[in-house]
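I have placed the structure first, in the form of structure tokens, so that the comments after it can refer back to it.
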2 protein chains.
Amino acid sequence: MTRPSQPRTPVTTGREPGDLMTDHVSGDRMNGDRMSGDPVEEFMKRRKKATINDVASLAQVSKKTVSRVINNSPSVRGETRDLVNDIIARIGFRPDPQARGLAFRKSFLIGLIYDNPNAQYIVNMQMGALDGLRGSGNELVVHPCDWKGEDFLDEIRDFVELQRLSGVIILPPVAEDRNLLALLDELDVPFIRVTARSGDVNDPPIAGLQIVSVDRVGCEQAGEHLVELGHRRIAFIAGNSLYPSAHARRAGFEQGLAKHGLGFAPDLIEQGDYSFDSGFVAASKILSRVDRPTAIICCNDDMAAGAYKVAYELGLRVPDDLTIVGFDDAPIAARLNPALTTVRLPTRDMARTASEKLIGSDAKPGASVVFDSVLIVRGSSGPVPK
Amino acid sequence: MTRPSQPRTPVTTGREPGDLMTDHVSGDRMNGDRMSGDPVEEFMKRRKKATINDVASLAQVSKKTVSRVINNSPSVRGETRDLVNDIIARIGFRPDPQARGLAFRKSFLIGLIYDNPNAQYIVNMQMGALDGLRGSGNELVVHPCDWKGEDFLDEIRDFVELQRLSGVIILPPVAEDRNLLALLDELDVPFIRVTARSGDVNDPPIAGLQIVSVDRVGCEQAGEHLVELGHRRIAFIAGNSLYPSAHARRAGFEQGLAKHGLGFAPDLIEQGDYSFDSGFVAASKILSRVDRPTAIICCNDDMAAGAYKVAYELGLRVPDDLTIVGFDDAPIAARLNPALTTVRLPTRDMARTASEKLIGSDAKPGASVVFDSVLIVRGSSGPVPK
DNA sequence: TTACTTAATGACACCGGTTACCATATAAGC
DNA sequence: GCTTATATGGTAACCGGTGTCATTAAGTAA
């Protein structure tokens, strides 16, 4: 535990009068000539935020060496490193992100870019992103935006450039914007997009790591589930076609039915936009027909809630008169009566993975991490009525 | 538009060779001796982020003067200011928040501190906070935390101190933590708390501006509403008593009933914690009694959803057999069948006001801005059954 | 006219870290 | 034993802004 024979020249050491070191040979515990024992303790009494300079002067090395220790530079002798780390721990030094950022030209801020902030999956993903960032020294800056807005791209450019973001996470549906991806590429900021694998097996490769959900799997299960319950005349409420999830889900549901030689009733396919209201409207059309279906598949839970409302108003009982299936397993799914059969996606985990990959920077462009969806059977799906 | 007679000494001007100024008297448009016209245009070709130094050299003033212009210092001559502003606009200069923050010792980041990130009001308030910050040059850093956790305070201290936050917004229920408020006070960071006025008329004064909701008003209306519908035997599911809102709401409901000489059925008061599950449990107890009430008042919508579920399972029709009332007007309120009668609070506006006040810094400690709640009557409340 | 203010601006150090480059000291090669 | 590699640490400049103080020119009082 003895300190190394001091390697520094005693001349022009740049010591100020206020410095805390004893002259000459020193040694850790033999400098008790002043009553106030430890220079470190002395320092702590000042109750001021420690800087790299404090560490340097207490450890009697240059700030550059401290910097090396902080950044795990290999060219620091083990003893020196231990000494510096010890001081750092004792005075509770933590490098200032602002100063560090200024020098590094990055901010240690991760931007979370998304549209429609109300959706439940956004909330989940925000939590997940925070999960992944925790303890990493990065903070999350949320940035809802108006995709499709006039100067969407300019606004993002400003945000990323001005804040010198360390990374960006893009959530659906914004994550589909090729122009945005190109912009981020141009700005040379690491980014990760969260998206749903579309129906096409081979999407064109794209910059940045992708976190991909396979909505299809759970949907397929859901489709089969309905057929097994005996349903033959099945309606469908589609999601906003700007979302790849809308296509992936539809493809999944259809494939589930197709496995048994079935498909959606062609006259009972309605376009929705993932909103409760659109679900209500679509279900109204569907259920007002004389030969109404025995089941409705909705591209998400919110639209399913709209279908519930229509059924309620028409006096149809779920699932006795009508089976309803959703997607998301949003909180509302369990709160509907009866609880909604739906498909669950690990949205929070997906976003956590996104931020972990982002800061871990093992984000090889083009690579992707895949998450599967799974069917959750609850009370809204039942055997076809006689 | 002629420039002022140059006030700077021509000696030791610190000009570097690369500088763009013409010597001597100059004059704006007579320096076309080189073919490449405008120095500004020349600069723009470089496609690099402009710094204050660029502005200074193009405007031929010191960076300090540019700084003065940026910060609206009064001691800049009008013409100089115009000149500098013109250059700034033309080259699109925007001061770097990092550098600025380093010098100012603050980060232009606003921290949003909250617990239970799932609650809908948190989502609304986050949006509101962003509304208020938009265009101000501040960004929002979200920081969910484990209130009641082991080292909650230490964690907040780290966050605020390390990031040198420009301000903090605290949402319920964390906003009730006196120790937290004291800490923020000690850290000398501006903060605003969003809270519900408790039942007491005179809460002890507290540091920081408060955004206060008056939950009571709408609850009182709700209470009266039920009495007017003929209800006499009314159950109550209380909210988490750590939240002042729980007390404020209860007081409001009770006062509404009291106006007509009524009160909750003493044997039908159950404790909930604002969660769906707790609402379900509480309502189960309430509705399993032989002399069950004709109405249940729930301290929030999520617990009301729990009550709906119990009613559904027991085969009770709402509102024919049972009236249910909630609080929050969360999205689920309109999605329940029938739609839930509830009390609405302008949560988004509250948070927007919070961030506006925070950056406007007209946040006199002790002052408060008050928002009223209002009853929203929907299908879940009906006349008492015969 | 001289001296004293005041307004406007600039020079320079500083915020707290970093990189680039140079200077040692020790280890290795002949 | 002396020169050359290599590890280690120091110095200065820089990132892009700010504060402090000095300086200049113009305005005013004596």
Side-chain angles (χ1 to χ4, degrees), chain A residues 4-15 48-57 59-81 83-84 88 93-108 137 161-164, chain B residues 3-16 48-57 59-81 83-84 88 93-108 137 161-164:
Chain A
S5 62
Q6 74 257 23
R8 106 192 39 76
T9 68
V11 293
T12 65
T13 248
R15 257 187 265 167
K48 235 205 73 194
K49 224 180 111 178
T51 76
I52 197 174
N53 293 304
D54 300 321
V55 177
S57 92
Q60 303 187 36
V61 298
S62 75
K63 59 194 282 194
K64 177 59 209 174
T65 298
V66 178
S67 171
R68 286 200 180 89
V69 172
I70 295 172
N71 294 289
N72 292 312
S73 157
S75 66
V76 177
R77 191 155 28 102
E79 298 172 23
T80 308
R81 175 183 307 278
L83 168 65
V84 170
I88 287 178
F93 164 72
R94 300 183 60 184
D96 181 323
Q98 301 250 304
R100 205 130 178 274
L102 183 57
F104 270 138
R105 283 171 203 73
K106 67 174 199 175
S107 63
F108 304 100
E161 225 171 33
L162 191 62
Q163 299 297 331
R164 292 189 196 275
Chain B
R3 282 246 292 305
S5 59
Q6 75 255 23
R8 104 189 42 75
T9 67
V11 293
T12 66
T13 248
R15 253 188 269 167
E16 280 105 9
K48 237 206 73 193
K49 225 180 109 179
T51 75
I52 197 173
N53 293 305
D54 301 321
V55 177
S57 88
Q60 302 187 38
V61 298
S62 74
K63 57 195 283 195
K64 181 62 207 178
T65 297
V66 178
S67 170
R68 287 196 179 93
V69 172
I70 296 171
N71 294 289
N72 291 312
S73 159
S75 67
V76 177
R77 193 156 30 101
E79 298 170 24
T80 308
R81 175 183 308 277
L83 168 66
V84 170
I88 288 178
F93 164 73
R94 300 183 60 183
D96 181 323
Q98 301 250 305
R100 206 132 177 272
L102 182 58
F104 269 139
R105 281 171 205 74
K106 68 174 198 174
S107 63
F108 304 100
E161 225 170 33
L162 192 62
Q163 299 296 331
R164 294 191 195 274

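In this text the structure is predicted, and so the values were computed from the model without any measurement. By convention in this document, chain letters (A, B, ...) are assigned in the order of the sequence lines, proteins followed by strands, and residues within each chain are numbered from 1.
Of the candidates D/dT20, D/dC15, C/dC15, the closest approach to any side-chain atom of B/Lys64 belongs to D/dT20. Listed nucleotides: D/dT18, C/dT19, D/dC15. Nearest to the side chain of A/Leu102: D/dC15. Considering only side-chain atoms of A/Thr80, the nucleotide from D/dT8, C/dG10, C/dG17 that sits closest is D/dT8. Here C/dT19 is the nucleotide among D/dG10, D/dT18, C/dT19 with the atom lying nearest to any side-chain atom of A/Ser67. Ranking C/dG17, D/dC15, C/dT19 by closeness to the A/Lys63 side chain, first place goes to C/dG17. Of the candidate nucleotides C/dG10, C/dC15, D/dG19, C/dG10 has the atom lying nearest to any side-chain atom of B/Thr65. Here the side chain of A/Ala103 is nearest to one of D/dG17, D/dC15, C/dT19, namely D/dC15. Closest approach to the B/Arg77 side chain among D/dT18, D/dT11, C/dT9 is made by C/dT9 (side chain taken as heavy atoms from C-beta onward).
Residue contacts shown for B/Arg164 are limited to sugar-phosphate atoms, with no base heavy atom under 4.0 Å away. Within 4.0 Å (heavy atoms only), B/Ser75 reaches at least one base atom of the nucleic acid. Nucleic acid contact for A/Val76: sugar-phosphate only, since backbone atoms but no base atoms lie under 4.0 Å from a heavy atom of the residue. Within the 4.0 angstrom heavy-atom criterion, no nucleotide atom of any strand lies near A/Asn53.
Separating the CZ atom of B/Phe104 from the P atom of C/dG16 is a distance of 15 Å, rounded to the nearest angstrom. What separates CG of A/Asn72 from P of C/dG17 is a distance of 16 Å, to the nearest Å. Rounded to a whole Å, the CD atom of B/Gln163 is 13 Å from the P atom of C/dG17. Atom-to-atom, NZ of B/Lys106 to C1' of C/dG16 comes out at 19 Å; the value is rounded to the nearest Å. B/Ile52 has its CD1 atom 14 Å from the P atom of C/dA11, to the nearest Å. What separates CZ of B/Arg100 from P of D/dG19 is a distance of 9 Å, to the nearest Å. B/Gln60 has its CD atom 14 Å from the P atom of C/dT9, to the nearest Å. With rounding to whole Å, B/Asn71 atom CG is found 13 Å from D/dT20 atom P.
Contact record, B/Ile70 with B/Pro95: CG2-CG, 4.0 Å, taken as the closest heavy-atom pair. Across all non-hydrogen atoms, the minimal contact from A/Ile52 to A/Phe93 is N-CE1, 3.4 Å. When every heavy atom of A/Gln98 is checked against every heavy atom of B/Lys106, the shortest pair comes out as OE1-O, 3.5 Å. For B/Lys49 against A/Glu161, the heavy-atom pair with the smallest separation is NZ-O, 3.5 Å.
OP1 and OP2 of C/dT9 both lie 4.0 Å or more from every side-chain N or O belonging to B/Arg68. The side chain of A/Arg105 places no N or O atom within less than 4.0 Å of a non-bridging phosphate oxygen (OP1 or OP2) of C/dT18.
Between the A/Arg81 side chain and the A/Ser73 main chain, a donor and an acceptor come within less than 3.5 Å of each other. Not a single donor-acceptor pair under 3.5 Å links the side chain of A/Ser107 to the backbone N or O of A/Gly101.
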